[in-house]
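Note that this is a predicted model, so its numbers are computed, not measured. Values below: all heavy atoms of this structure, side chains included; hydrogens, waters and symmetry mates excluded.
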Amino acid sequence: MNIPLLIFFNFILSWFFTKLFIKPFKKFIPDIPNERSSHKVIKPRGGGISFILANIIVSNIFDQVNFVFLLPLSLTGFIDDFFNISRFSRLFIQIATSSFILYSSKYINIIKSNGNFIIEFIFVVSIILICTGIINFCNFMDGIDGILSGSFITIYIFSSFLLSESLWGIAGALIGFLLWNWQPSKIFMGDVGSNFLGGTLIWILLNTNTMNDSIGLFFIACPILIDPLICLMRRFITRKNIFEAHNMHLYQRLNKGGLNHQQVSLIYIFSIIFIGIS
């Protein structure tokens, strides 16, 4: 496989699609700042559709993993960007996607080999709940310029060495998007993008060659997973509504404390790089 070409075509298409979507999305899907927002001006959301389309097109040309199975999850996010669909509908699609990825992976055979239905049921339900949580955590982390797209580029690069060279393609597509999403951003990825990235992370964790590889990649992704997990636990302990939108994630508090979007995003990106190298 020609990795430079895979990266290049993903990058060019994603960059072009994002540029194309900025103006119409600002009109039809504006992200209007409120008291919880980390931005002060109206910007378009839904830009994640650009790197999704780019990767699906190029991956089919190069016969690579194209993540087309994530389209229902992504489209649900895209519709949510427009109309704010019900929490139940979002959760149903997230659970269905998590279940599909699990049952398509080799780990389901390992779980079934136990021979005990109760243990198998507990493992399956636990993994699906964790995977659903990961999708939502990625959504929670998409709050400032470049933090999620920059973090996932790094995750994909590390994952490509342990799993599939196809991930270089989606990394290239994200780089093309990041040029428009870095501070000062021109567009946000929206739920369509964060859902897609969460789904790819689940696929990565459940399709490695060994359990050790899955654990290692999970630790690499920890900076974007631990933040929302700790925040969720703190809100649960203090008896606050865990489903209510807020701005108490660490990255949001760092931004409110005086660090700009670029500085906060770089903290998370370099944390992932440090863990990956370690």
Side-chain angles (χ1 to χ4, degrees), residues 29-48 76-77 80-81 84-91 94-95 98 129-152 154-155 178 181-185 187-199 201-202 218-275:
I29 331 177
D31 192 306
I32 301 173
N34 54 42
E35 67 278 1
R36 301 186 309 273
S37 303
S38 298
H39 61 289
K40 306 300 181 184
V41 298
I42 297 175
K43 296 183 181 182
R45 62 178 183 266
T76 300
D80 193 39
D81 285 330
N84 293 319
I85 61 177
S86 71
R87 184 183 298 133
F88 174 80
S89 299
R90 296 197 305 269
L91 188 62
Q94 290 168 356
I95 291 174
S98 300
L129 289 178
I130 291 171
C131 291
T132 303
I134 288 174
I135 295 172
N136 283 283
F137 284 0
C138 289
N139 182 271
F140 297 159
M141 291 300 292
D142 182 34
I144 63 173
D145 298 345
I147 188 170
L148 195 60
S149 48
S151 295
F152 262 89
T154 314
I155 292 170
L178 182 62
N181 183 236
W182 195 252
Q183 184 185 5
S185 65
I187 191 170
F188 301 140
M189 70 171 64
D191 289 352
V192 57
S194 59
N195 281 359
F196 179 82
L197 296 184
L201 181 54
I202 294 170
F218 178 82
F219 277 114
I220 288 173
C222 267
I224 61 169
L225 299 178
I226 295 300
D227 183 345
L229 176 61
I230 292 176
C231 190
L232 188 71
M233 293 171 63
R234 288 177 65 240
R235 291 182 66 81
F236 180 79
I237 292 172
T238 55
R239 298 183 180 181
K240 294 180 180 178
N241 186 352
I242 62 174
F243 298 107
E244 186 178 46
H246 59 85
N247 59 355
M248 294 307 295
H249 291 289
L250 175 60
Y251 75 87
Q252 293 168 320
R253 288 186 282 128
L254 288 173
N255 179 235
K256 288 192 294 184
L259 296 181
N260 62 36
H261 288 211
Q262 176 177 271
Q263 291 168 329
V264 175
S265 294
L266 286 174
I267 288 174
Y268 281 78
I269 293 168
F270 279 110
S271 295
I272 292 171
I273 293 173
F274 176 77
I275 295 172

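The salt bridge (charged side-chain N to carboxylate O under 4.0 Å, His left out) test applied to D81 returns R45, not counting sequence neighbours. Every residue two or more places apart in sequence or in another chain that forms a ring pair (Phe, Tyr, Trp, His ring centres under 6.0 Å) with H249 is listed here: F140, H246, Y251. Annotation: ring pair (Phe, Tyr, Trp, His ring centres under 6.0 Å) contacts of Y268 (sequence neighbours excluded): none.
For the residue pair S98 and I202, the shortest heavy atom distance occurs at OG-CD1, 3.9 Å. Across all their heavy atoms, H261 and Q183 have their closest contact at N-OE1, 3.3 Å. Nearest heavy-atom pair across S265 and G146 is OG-C, 3.6 Å. In terms of heavy-atom proximity, G198 sits nearest to F152 at N-CZ, 4.4 Å.
Checking D145 against Q262 by side-chain atom types alone, no donor-acceptor pair falls below 3.5 Å. D142 and S194 form no side-chain donor-acceptor contact under 3.5 Å, judged by distance and modelled atom types alone.
Taken from CD1 in I224 to SG in C138, the straight-line distance is 4.5 Å, to the nearest 0.5 Å. The distance from the CD1 atom of I267 to the OG atom of S151 is 11.5 Å, given to the nearest 0.5 Å. If you take CG on D31 and CD1 on I42, they are separated by 9.0 Å, rounding to the nearest 0.5 Å. For the atom pair I155 CD1 and I275 CD1, the distance stands at 9.5 Å (nearest 0.5 Å). Here the CD1 atom belonging to I130 is positioned 12.5 Å from the CD1 atom belonging to I135, to the nearest 0.5 angstrom. The CD1 atom of I226 sits 8.5 Å away from atom CZ of F137, with the distance rounded to the nearest 0.5 Å.
No donor-acceptor distance shorter than 3.5 angstrom exists from the side chain of K40 to the backbone of P33, with no hydrogens or angles considered. No side-chain donor-acceptor contact under 3.5 Å links D227 to the backbone of P223. Of the possible polar contacts, none joining the S89 side chain to the I85 backbone as a donor-acceptor pair under 3.5 Å is found. Checking side-chain atoms of N181 against main-chain N and O of M189 turns up no donor-acceptor pair under 3.5 Å.
For the pair M248 and K256, the minimum side-chain heavy-atom distance is below 4.5 Å. L201 is listed as a side-chain neighbour of L225, based on a closest heavy-atom distance under 4.5 Å. In this structure, L266 and Q263 have side chains that are not in contact, with every pair of non-hydrogen atoms separated by 4.5 Å or more.
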Checklist entry - Step by step, would you call W182 with S149 a side chain to side chain contact (heavy atoms under 4.5 Å, CB included)? => result CA-CA 9 Å; W182 195 252; S149 48; 5.9 Å; no
Next on the checklist: side chain to side chain contact (heavy atoms under 4.5 Å, CB included), that's the test. Do N139 and D191 meet it? Break it down for me.
Outcome noted: CA-CA 6 Å; N139 182 271; D191 289 352; 2.4 Å; yes
Next on the checklist: Does I147 form a side chain to side chain contact (heavy atoms under 4.5 Å, CB included) with I144? I'd like the steps, not just the answer.
Outcome noted: CA-CA 6 Å; I147 188 170; I144 63 173; 3.7 Å; yes
Item to check | CA sep, side-chain torsions, deciding dist, call: L91, I95, side chain to side chain contact (heavy atoms under 4.5 Å, CB included) | outcome: CA-CA 6 Å; L91 188 62; I95 291 174; 3.9 Å; yes
